[in-house]
Engineer: 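Handing you a structure now.
None of the values given here were measured: they were computed from a predicted structure. Throughout, numbering of the chain's residues begins at 1 and tracks the sequence.
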Amino acid sequence: MTASAPHSRWLMLLKTVAPITRWLPGYEAAWLRPDIVAGLTLAAFTIPVALAYASLAGLPSQVGLYCVMLGGLAYAVFGSSRQMAVGPTSSISILVASTLGALVAGDPARYAALAAATALMVAVASAVAWALRLGVIVNFIADTVLTGFKAGVALQIASTQLPKLFGISGGSGNFIPRILFLVRHLGETKAPALAVGLAGIVLLVVGGRLFPRRPVSLVVVVLSIVFASVTSLAARGVDVVGLIPQGLPALTLPAVSGADFDTLLSLALACFLLSYVESMAVARTFAAKHGYEIDPNQELLALGVTNAAVAFGHGYPVGGGMSQSAVNDASGARTPAALLVAVALIVAVLVFLTGLFRNLPSPILAAVVLVAAAGLIDLGALGRMRRASPAEFRIALLAAISVLVLGMLRGLFVGVIASVVMLIARAAHPPTAILGRVPGTDNFTDLAHAPHNEEIPDVLVFRVDGAIFFANAASVRNAATAAVERAGRPIKLVVFTLEGASQVDLAAVAMLEDLHDRLGTSGISLRLVHARYPVRRLILAAAPADRFGTLEPTTTIAGAVEAWRTEG
């Protein structure tokens, strides 16, 4: 073995796990200008949002900048998306605040340590999922549930920020207690704080519509700082951010005990799940737009490394943000180099410019969060869901209400359970159809959609659309026997077409044998047709060869009927 062999193996491993080693060597000069412009615009948009989200999470404002800086640097190296920007998100921020707020009271240092420990646990969960290649877990949370969950998150966020907007101190718990607290204390509203906050909301909304994909929030923040400095808003009772520590964070492990990790386990798993689902949704959106593929397992690794970096820098869990990524994309980002430009600008802000944010009014941060949270409520999607699939709309509504009543953590788990139950319910009751012959042909289609199709005398043609396995075998059998009973005419043959059954198991074969025997007691024959090769192979291996007819792949429904009549 030569001395260069181990070096080559390490280089190959690095190319496998770090996409930067693949796109950076082929970087084109034409990409540099759009990446720089996108990075500068992204930083301008992200700085006020990061400050606001850190406040939403119950942490010092500068922590949001730490998260964007370290998270962006790590994702640029390990991420597979070219446009996605990572950092604090509104949903994770409120999840952290609602959970840690109940665990820690009056100890900011311990609160910060637990938040960083949560990010470290998210990193570990991501690494384990990456090692086990569990990228498919993103497919187990339905968009229906995520839509409802985000709507509940938006309302929960609003309940935490409205008191700040009105200049009212206090309030705790979930949505209902917070809203009731606000209503009871409306008389304590500070008019200057409310005026500043409402002005901020108006500027953010109007500016966002007039100048989409531009750092309107930074402009609003700068204007509010100037206004607060010349009018002495702090002296009028309006809370301001205050002095933000200058410099970069020291990279250390969170100072927590082993018992703390046990306490944080459910929070960390919830943050991991939420972060991965949101990140994959963002990454896939822009990958589809620009015509490239996202590797779900690579994103697990990127999420792990990103959260590990954030944990060492005293941050809290991060993920991909849709609004930040949309700004990055609209500004022309070609590669993750745009993230590196944004990181460089944030480093400059932390080292030289933190003093500029001293007079930033807290109601403005509340306005930034409220406007961002409003974007989480997709009324169009909810409306389409209600019209097209009332059952799924009810599940989305359940997810939203669960967040408001039970809190973010339990609400997320209710949403996950609801999505799994919905999946199981669909699998347990696959769609079935009664087929009729298209006049003048030997083709058969669903009678429910083509009532002018012809029914063959004495024959019922039954189809199941979906896999048949142990969980739904009884349901399929009952549907077939019920179809015979409802036929309203004498039935002597049931032709069971398996063209829609992608696979079966031994329980399904046993069910077919049972159906054969049950129909046989009433003098009704059963024939199977259009079985795919894997399905046909299993049936022939587990049941008598002639029990259901020949099962030849060329046998049609009309052929099976003709063969049965010939046998008779």
Side-chain angles (χ1 to χ4, degrees), residues 45-72 85-104 108 111-112 114-119 121-122 146 149-165 171-175 178 217 241 264 267-279 282 303 306-307 310-311 313-325 362 364-377 403-404 407-409 411-412:
F45 178 87
T46 302
I47 287 171
V49 172
L51 295 172
Y53 284 171
S55 175
L56 176 62
L59 292 161
S61 298
Q62 69 272 13
V63 171
L65 299 181
Y66 298 162
C67 289
V68 174
M69 177 186 69
L70 295 169
V86 299
T89 68
S90 56
S91 52
I92 291 178
S93 297
I94 191 64
L95 183 57
V96 168
S98 62
T99 305
L100 294 186
L103 296 176
V104 183
Y111 189 103
L114 291 179
T118 303
M121 294 177 70
V122 170
L146 201 57
F149 175 79
K150 286 183 177 180
V153 168
L155 295 175
Q156 181 76 300
I157 290 171
S159 73
T160 68
Q161 297 304 298
L162 286 175
K164 297 178 183 178
L165 191 72
S172 61
N174 294 328
F175 178 78
R178 286 183 179 276
S217 56
V241 169
L264 297 173
L267 171 62
L269 291 177
C271 287
F272 159 68
L273 190 61
L274 183 57
S275 176
Y276 184 58
V277 170
E278 287 188 321
S279 297
V282 174
L303 183 66
T306 298
N307 277 279
V310 168
H314 310 283
Y316 67 103
V318 297
M322 179 59 81
S323 57
Q324 301 97 306
S325 302
S362 294
I364 290 295
L365 289 181
V368 170
V369 173
L370 286 168
V371 172
L376 294 175
I377 302 178
V403 169
L404 300 180
M408 288 284 295
L409 196 55
L412 176 62

Engineer: How many angstroms lie between atom NZ of K150 and atom OG1 of T89, to the nearest 0.5 angstrom?
Structural biologist: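 Spacing of NZ (K150) from OG1 (T89) equals 9.5 Å.
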Engineer: Atom CG of L269 and atom CE of M121: how far apart are they, to the nearest 0.5 Å?
Structural biologist: 7.0 Å
Engineer: Shortest non-hydrogen contact from A52 to V368?
Structural biologist: CB-CG1, 4.1 Å
Engineer: Could you tell me the separation between the CD1 atom of I94 and the OG1 atom of T99, rounded to the nearest 0.5 Å?
Structural biologist: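 So the CD1 of I94 and the OG1 of T99 are separated by 9.5 Å.
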Engineer: State, to 0.1 Å, how close V122 and C271 come at their nearest heavy-atom pair, and which atoms those are.
Structural biologist: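 Between these two residues, the closest heavy atoms are CG2-CB, 3.8 Å.
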Engineer: Hey, mind stepping through F149 and L274 against side chain to side chain contact (heavy atoms under 4.5 Å, CB included) and telling me if it holds?
Structural biologist: CA-CA 10 Å; F149 175 79; L274 183 57; 3.5 Å; yes
Engineer: I would like to know whether F272 and L303 meet side chain to side chain contact (heavy atoms under 4.5 Å, CB included); could you show each step before the answer?
Structural biologist: CA-CA 9 Å; F272 159 68; L303 183 66; 4.0 Å; yes
Engineer: Looking only at non-hydrogen atoms, find the nearest pair between P317 and A115 and report the distance.
Structural biologist: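 Looking at all heavy atoms of both residues, the closest pair is CD-O, 3.8 Å.
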Engineer: Taking all atoms of both residues into account, what is the closest heavy-atom pair of L365 and S61, and its distance?
Structural biologist: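 Taking every non-hydrogen atom into account, CD1-OG, 4.4 Å.
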Engineer: Using 0.5 Å steps for rounding, measure from the CG atom of L100 to the CG atom of L267.
Structural biologist: 5.5 Å
Engineer: Between atom CG of L155 and atom OG1 of T160, what is the distance when rounded to the nearest 0.5 Å?
Structural biologist: 11.0 Å
Engineer: What verdict does the side chain to side chain contact (heavy atoms under 4.5 Å, CB included) test give for H314 and V63, after you've listed the backbone C-alpha separation in whole Å, the side-chain angles of each residue and the deciding distance to 0.1 Å?
Structural biologist: CA-CA 7 Å; H314 310 283; V63 171; 5.7 Å; no
Engineer: Applying side chain to side chain contact (heavy atoms under 4.5 Å, CB included), can you list everything that pairs with A366, at least two apart in sequence or on another chain?
Structural biologist: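 Once residues adjacent in sequence are excluded, the partners of A366 under the side chain to side chain contact (heavy atoms under 4.5 Å, CB included) criterion are Q161, K164.
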Engineer: Of the non-hydrogen atoms in A117 and L264, which two are nearest, and what is the gap between them?
Structural biologist: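 Minimum heavy-atom separation between A117 and L264: CB-CD1, 3.8 Å.
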Engineer: Got a sec, which residues hit side-chain hydrogen bond (donor to acceptor under 3.5 Å, both in side chains) with Y316, two or more places apart in sequence or on another chain?
Structural biologist: S93
Engineer: Identify the two heavy atoms, one from V282 and one from G320, that lie closest to each other, and give their separation to 0.1 Å.
Structural biologist: CG2-O, 4.0 Å
Engineer: Less than 3.5 Å apart, any donor N or O on the side chain of Q156 or S98 sitting next to an acceptor on the other?
Structural biologist: no
Engineer: Quick one: do S91 and L95 satisfy side chain to side chain contact (heavy atoms under 4.5 Å, CB included)? Show the steps, please.
Structural biologist: CA-CA 6 Å; S91 52; L95 183 57; over 6 Å; no
Engineer: Please identify each residue that fulfils side chain to side chain contact (heavy atoms under 4.5 Å, CB included) with A116, with sequence neighbours left out.
Structural biologist: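 Per chain and number, A116 pairs via side chain to side chain contact (heavy atoms under 4.5 Å, CB included) with P254.
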Engineer: So do the side chains of L370 and L162 get within less than 4.5 Å of each other, counting heavy atoms only?
Structural biologist: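 The answer is yes; the side chains approach within 4.5 Å.
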Engineer: Using modelled atom types only, decide if a donor and an acceptor are shared between the side chain of S275 and the backbone of V318 within a distance under 3.5 Å.
Structural biologist: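 Here the side-chain-to-backbone pair exists.
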Engineer: Give, for atom CD of E278 and atom CD1 of I92, the distance between the pair rounded to the nearest 0.5 Å.
Structural biologist: 6.0 Å
Engineer: So does F175 get a backbone contact from the side chain of S159, meaning a donor-acceptor N/O pair under 3.5 Å?
Structural biologist: no
